[in-house]
There are 2 protein chains.
Amino acid sequence: MLPFRIGADKWAGLVIRCLEDGPRRFSELRVPLARVSPKVLTQSLRTLERDGFVLRTEYDEPVRRVTYELTELGRSLLGPIRAVCEWTSEHWDELLDARES
Amino acid sequence: MLPFRIGADKWAGLVIRCLEDGPRRFSELRVPLARVSPKVLTQSLRTLERDGFVLRTEYDEPVRRVTYELTELGRSLLGPIRAVCEWTSEHWDELLDARES
DNA sequence: CCGTATCCTGACTGATACTG
DNA sequence: CAGTATCAGTCAGGATACGG
């Protein structure tokens, strides 16, 4: 589908972009990433956490709450990621043409 | 190994960078990409050709010769790719740290 | 020189249902 | 709410050897 992607796993780039405006809860991430099953989303977040791109915070409250936010390292990735996303939107039509022929 | 990559396949980004200075023969690509088996390199090149990033030219000569070069579309990818490569070299140490802990 | 053919492995992705 | 458990399926990636 996508001509290319950023990230060790398929969704890492999108997840990071979803976090660029600040911390998000798991359920908040599921909205823009509705096509991603909870298992896969969790896997992606765990990998991003392990590699130091994302910080996971668990709050001890009556209603359970967990947030994810970008670390400084994760935030430094936004530049390259945006470069790729912009390229994709600029060249989307050409990509479709190449696939059809 | 690499924290993330550009390209539908693992080597696409590197292949494109190897072509940034002009056409290269298959055997020339195998030098910088020595760790890539010929089958996988061929696969990558075929995909890049199909998607319009690379032009493959076969010369009818006594000694067989095939060259690959970037199309204009392929060349337009160099910007985003360089952004990712630069990021990687700048943050390489941090990535290793995260993996070890 | 420029690839294919074959075989193999495991990483990645996924749907669905269930739990603390 | 924030995940895990389970059960699979696909497919990219890789080693090695051979072919036009």
Side-chain angles (χ1 to χ4, degrees), chain A residues 1-19 22-51 53-70 95 99, chain B residues 1-19 22-51 53-70 84 95 98-99:
Chain A
M1 166 70 168
L2 281 173
F4 58 92
R5 67 197 190 195
I6 280 200
D9 65 82
K10 189 174 177 179
W11 303 105
L14 282 175
V15 170
I16 289 176
R17 290 217 72 176
C18 290
L19 292 173
R24 290 287 181 272
R25 305 177 61 164
F26 188 79
S27 51
E28 290 174 319
L29 290 173
R30 295 217 61 200
V31 177
L33 300 167
R35 286 177 307 177
V36 187
S37 78
K39 192 199 80 169
V40 172
L41 180 56
T42 300
Q43 278 180 357
S44 192
L45 287 165
R46 290 282 186 275
T47 304
L48 289 169
E49 187 190 8
R50 183 202 64 186
D51 291 346
F53 298 118
V54 160
L55 179 68
R56 179 179 181 277
T57 309
E58 197 162 341
Y59 297 90
D60 198 10
E61 300 176 352
V63 174
R64 189 151 181 235
R65 190 159 69 94
V66 176
T67 65
Y68 296 89
E69 63 189 306
L70 293 180
L95 292 168
R99 290 278 169 140
Chain B
M1 168 67 172
L2 281 172
F4 60 91
R5 66 201 191 195
I6 279 201
D9 65 83
K10 187 174 177 178
W11 303 105
L14 281 175
V15 170
I16 289 178
R17 290 217 71 175
C18 290
L19 292 172
R24 290 289 181 271
R25 304 176 60 166
F26 188 79
S27 51
E28 291 174 318
L29 290 173
R30 294 218 60 201
V31 177
L33 300 168
R35 287 177 306 177
V36 188
S37 78
K39 191 200 82 169
V40 172
L41 179 55
T42 300
Q43 279 180 356
S44 193
L45 286 165
R46 291 280 187 276
T47 304
L48 289 169
E49 186 191 7
R50 184 201 62 185
D51 291 346
F53 299 119
V54 159
L55 179 68
R56 179 180 181 274
T57 310
E58 198 163 341
Y59 296 91
D60 197 10
E61 299 175 353
V63 175
R64 189 153 181 231
R65 191 160 67 94
V66 177
T67 64
Y68 297 89
E69 62 189 308
L70 293 180
V84 174
L95 293 168
R99 289 277 171 140

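Here is the naming used below: chain letters follow the sequence lines, and residue numbers restart at 1 for every chain.
Side-chain nitrogen and oxygen atoms of A:Arg25 include at least one within less than 4.0 Å of the OP1 or OP2 phosphate oxygen of D:dA2. Between A:Arg65 and D:dA2 there is no side-chain polar atom (N or O) within less than 4.0 angstrom of OP1 or OP2. Between A:Lys10 and C:dG14 there is a side-chain N or O to OP1 or OP2 distance below 4.0 Å.
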Dump the pairs, protein N or O against N or O of nucleotides 3-10 of chain D, anything under 3.5 Å, distances to one decimal.
{"from": "D:dG3", "atom 1": "OP1", "to": "A:Arg56", "atom 2": "NE", "distance (Å)": "3.4"}
{"from": "D:dG3", "atom 1": "OP1", "to": "A:Arg56", "atom 2": "NH2", "distance (Å)": "2.6"}
{"from": "D:dG3", "atom 1": "OP2", "to": "A:Tyr68", "atom 2": "OH", "distance (Å)": "2.7"}
{"from": "D:dT4", "atom 1": "OP1", "to": "A:Arg46", "atom 2": "NH2", "distance (Å)": "3.0"}

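Proximity of A:Glu49 to A:Arg46: side-chain heavy atoms (C-beta onward) are separated by under 4.5 Å at one or more points. A:Glu69 has its side chain within reach of A:Thr57: a pair of non-hydrogen atoms, C-beta onward, lies under 4.5 Å apart. Looking only at side-chain heavy atoms (C-beta outward), B:Leu19 and B:Tyr68 come within less than 4.5 Å of each other. Inter-residue side-chain proximity for A:Val54 and A:Leu70 is flagged as met; some heavy-atom pair is nearer than 4.5 Å.
Atom CG of B:Leu45 and atom CD1 of B:Ile16 lie 10.0 Å apart (nearest 0.5 Å).
Between the P atom of C:dC12 and the CG atom of A:Leu48 lies a distance of 13 Å, rounded to the nearest Å. Straight-line distance from the CD atom of B:Glu28 to the P atom of C:dG3: 13 Å, rounded to whole Å. For the pair A:Trp11 CH2 and C:dT13 P, the interatomic distance rounds to 9 Å; values are reported in whole Å. A straight line from CG of A:Leu29 to P of D:dC1 spans 13 Å, rounded to a whole angstrom. Spacing between atom CD of B:Glu61 and atom P of C:dC2 amounts to 10 Å, rounded to whole angstrom units. Protein atom CG of B:Asp9 is 13 Å distant from nucleotide atom C1' of D:dG14, rounded to whole Å. Atom CZ in B:Arg24 sits roughly 17 Å away from atom C1' in C:dC2 (whole-Å rounding). One interatomic measurement links the two molecules: CG of B:Leu41 to P of C:dG3, which rounds to 9 Å at whole-angstrom precision.
Helix bend of the helix from C:dC1-D:dG20 to C:dG20-D:dC1: the angle between its two end axes, each built from five pairs, comes to 50° after rounding to 10°.
A pairwise comparison of heavy atoms in A:Arg30 and A:Val36 identifies NH2-O, 3.3 Å as the closest pair. Closest approach of B:Trp11 to B:Ser44, counting heavy atoms only: C-OG, 4.1 Å.
Distance alone, capped at 3.5 Å, is enough to place a donor-acceptor pair between the B:Thr47 side chain and the B:Gln43 backbone.
Applying the side chain to side chain contact (heavy atoms under 4.5 Å, CB included) criterion to B:Pro32, with sequence neighbours excluded, gives B:Cys18.
If B:Ser37 and B:Gln43 are placed on DNA chain D by their nearest nucleotide, the residue sitting closer to the 5' end is B:Gln43.
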